[in-house]
Trainee: 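Starting off with a structure, shown below.
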Amino acid sequence: MNKNAYQMLGLLKSASLAEIEMAYALKTYKESDKTKYNQAIDSLRDELKRAKLNMETPFYLPSSWSMAHVNYLPEHHSLVLKNLNGEFTPCESEEAWLNMLSGVAFYYLGDLEQALINFLKAEVSLLDDPHLYFNIALTYHNLNQKEKASAYIKRVLPTLSYIELILALKTFPLNRQNIITLLLEKSGISSKTYWQALNLLTTYNEIDLAEKIWEKAVRVYPENLDLQFYILQICLDQTDFTKATTYYHELSSKFFNTKPQREAARLLTRVGIFWFNNLWEAQEHVIAIKVLGQVTSINQSYEKLLAESVNIFLATNPKNIDKQKIEPEILKAKSYNARHMF
C-alpha cells in the first residue's frame, strides 16, 4: 500500500526528505495551486523550518517503526491512518506503540496530562526509545515541569540535528552545557548548516557561543569566505567595532578584492557611520571619533569628516586624557589638513 500525503506528513520525522516535501505540499494545497505547491516544497528544503517543526511536534511511532509495520497490523491499520490523517483518536491498549500513538492524539487534542500518562505507560516497554523520550520531554516542557523535561531530553540530545540542538537551547535551558558540548564536538556539519546555525545563535543573542561555532566552522571550511567574514557580524552584535575592524583587516589581507570582502567594507562603513552619528549626537565625542577613525581605515572617503570632527572636538579645549585617547585620529586629521591646505 502506498502512503498518501497525509500519512507521510504524520511520519514527518522518519520520512525521507522527498516524502516530507510531497506530503507537506499535498496536505497544504492539495495540488490546487502549482505556485503554492512549489513554494511549499521549497519551504521544506529549509533546514531551519524543518528543524523548528521537528522540535515542536511529537513522534507518532517508536524510532524503529514505519508504515511498513502498520501495514502488517490489520486490526489497528485504520486507527493509525486516522491519527496520521489528523483524526486524533486515542485507544485503550496494553501495546506500547499504541499507547505512544494515543499519547500523541491526546497531545494534539490539548490534553497534555493524559498524553503524559500514555507516554509513561509506553515507557515501560519502550525503554530508551529516543522518539518516546523526546515526546515525554516535550510534554513535560509544555506542562512547565522543566527538571523532568531536562532529564528526558538529555537522553536524546545526541540524536538531534545540529539546528535542532540550537533550538533546544531555548526549549531546554537546563541542558545548556550538554547541548553546547555537542555543538562544539559534532562533526560532518555542512557549511550551509553552519551558516544557519550562526544566524540563529546571533538572533538568540548567543554571541559568545556563536564565536566559538564560527572558529570551528572556519577550521572545517577555510575557503568559505562567507563563513570567514561572518565574524564581523558577531563582533557587531557584541557592539565591538574595534574588534570588527581588526578582523576585517586580517581577513582583507588574505582575501583582498573578493565579493565578501567588499560587502564587509560596505557593512562596516554603514554601521560605523550610523554609530558615529548617534554617539556624536549624544556628545560621546571621544568614542565617536574612535569609531570614525576605524571607518576611515576601511573607507578613506570619510577622512574629511574625521578631520572636521577632530577640529570641532579640539576647539572645545578637551582634557589631555581625552586627547590622548584619540591621538591616532588627531594625527590622521592633521595629515588630512596638511594635504588640503590649499
Side-chain angles (χ1 to χ4, degrees), residues 12-14 46-59 63 128-244 246-247 250-251 260:
L12 173 64
K13 295 180 178 180
S14 58
D46 187 316
E47 187 174 359
L48 177 57
K49 291 179 181 178
R50 286 189 286 117
K52 285 182 175 178
L53 185 57
N54 277 347
M55 291 299 291
E56 293 169 357
T57 58
F59 289 96
S63 58
D128 297 322
D129 185 276
H131 286 190
L132 178 61
Y133 280 3
F134 178 88
N135 290 359
I136 295 173
L138 186 64
T139 307
Y140 272 132
H141 165 73
N142 288 318
L143 288 169
N144 205 31
Q145 297 186 44
K146 305 302 183 186
E147 291 79 7
K148 291 181 178 179
S150 171
Y152 276 94
I153 198 64
K154 183 178 180 179
R155 308 182 197 190
V156 298
L157 287 176
T159 69
L160 300 183
S161 73
Y162 205 73
I163 298 299
E164 288 168 355
L165 282 171
I166 292 175
L167 296 173
L169 279 171
K170 298 285 283 185
T171 308
F172 304 101
L174 297 180
N175 300 87
R176 178 179 180 83
Q177 195 52 56
N178 299 106
I179 295 169
I180 290 175
T181 299
L182 286 168
L183 288 170
L184 295 176
E185 293 180 351
K186 205 172 182 70
S187 60
I189 311 304
S190 71
S191 59
K192 180 180 178 182
T193 297
Y194 273 130
W195 179 266
Q196 288 181 316
L198 291 170
N199 273 290
L200 196 57
L201 288 168
T202 52
T203 299
Y204 285 171
N205 202 33
E206 293 280 358
I207 308 304
D208 291 341
L209 178 57
E211 188 165 0
K212 291 177 181 177
I213 297 296
W214 173 81
E215 291 171 352
K216 179 184 176 185
V218 294
R219 284 198 303 270
V220 178
Y221 298 102
E223 303 304 317
N224 188 305
L225 300 193
D226 289 329
L227 282 177
Q228 288 279 359
F229 279 91
Y230 197 90
I231 188 61
L232 304 185
Q233 184 60 56
I234 293 172
C235 293
L236 294 179
D237 284 340
Q238 291 169 328
T239 64
D240 192 336
F241 200 77
T242 299
K243 185 177 178 181
T246 299
Y247 267 116
E250 290 177 359
L251 291 167

Trainee: Taking all non-hydrogen atoms of both residues into account, name the closest pair between N178 and K154 and its distance.
Mentor: ND2-CE, 3.9 Å

Trainee: Under 4.0 Å between a side-chain nitrogen and a carboxylate oxygen: does that hold for K216 and E185?
Mentor: no

Trainee: Does N175 use its side chain to pair, donor to acceptor, with the backbone of S150 at less than 3.5 Å?
Mentor: yes

Trainee: Are side-chain N/O atoms of N224 and Q228 paired as donor and acceptor at under 3.5 Å?
Mentor: no

Trainee: Just checking W214 against Y247, ring centres under 6.0 Å apart?
Mentor: yes

Trainee: Tell me whether the NZ or CZ atom of K146 lies within the 45° cone about the ring axis of F172 and under 6.0 Å from its centre.
Mentor: no

Trainee: Could you measure the distance from the CG atom of L138 to the OG1 atom of T171? Nearest 0.5 Å is fine.
Mentor: 8.0 Å

Trainee: Restricting to non-hydrogen atoms, name the atom on L182 and the atom on P158 that form the minimum distance, rounded to 0.1 Å.
Mentor: CD1-N, 4.0 Å

Trainee: Supply the atom-to-atom distance L184 CG to I213 CD1, rounded to the nearest 0.5 angstrom.
Mentor: 4.5 Å

Trainee: Which class fits the ring pair F59 and H131: parallel under 30°, tilted 30 to 60°, perpendicular over 60°?
Mentor: parallel

Trainee: Would you check if the side chain of Y152 reaches a backbone N or O of F134 as a donor-acceptor pair within less than 3.5 Å?
Mentor: no

Trainee: Between NE2 of H141 and CD1 of I153, what distance do you get to the nearest 0.5 Å?
Mentor: 10.0 Å

Trainee: For the pair E211 and K243, find out whether any cationic side-chain nitrogen is under 4.0 Å from an anionic carboxylate oxygen.
Mentor: yes

Trainee: For the residue pair S190 / Y221, report whether a side-chain donor-acceptor contact shorter than 3.5 Å exists.
Mentor: no

Trainee: Between A244 and L236, which heavy-atom pair has the shortest distance, and what is it?
Mentor: CB-CD2, 4.2 Å

Trainee: Minimum heavy-atom separation for L165 to K186, with atom names?
Mentor: CD1-CD, 4.0 Å

Trainee: Ignoring hydrogens and angles, tell me if any N or O in the side chain of D129 forms a donor-acceptor pair with the backbone of S63 under 3.5 Å.
Mentor: yes

Trainee: Which heavy-atom pair separates Y162 from L183 by the least distance, and what is that distance?
Mentor: OH-O, 2.8 Å

Trainee: Considering non-hydrogen atoms only, spot the tightest contact between T202 and D237 and give its length.
Mentor: CB-OD2, 3.2 Å

Trainee: Short question: side chain of T193, backbone of I189 - any donor-acceptor pair under 3.5 Å?
Mentor: no

Trainee: Between I207 and L201, is there a side-chain heavy-atom distance shorter than 4.5 Å?
Mentor: no

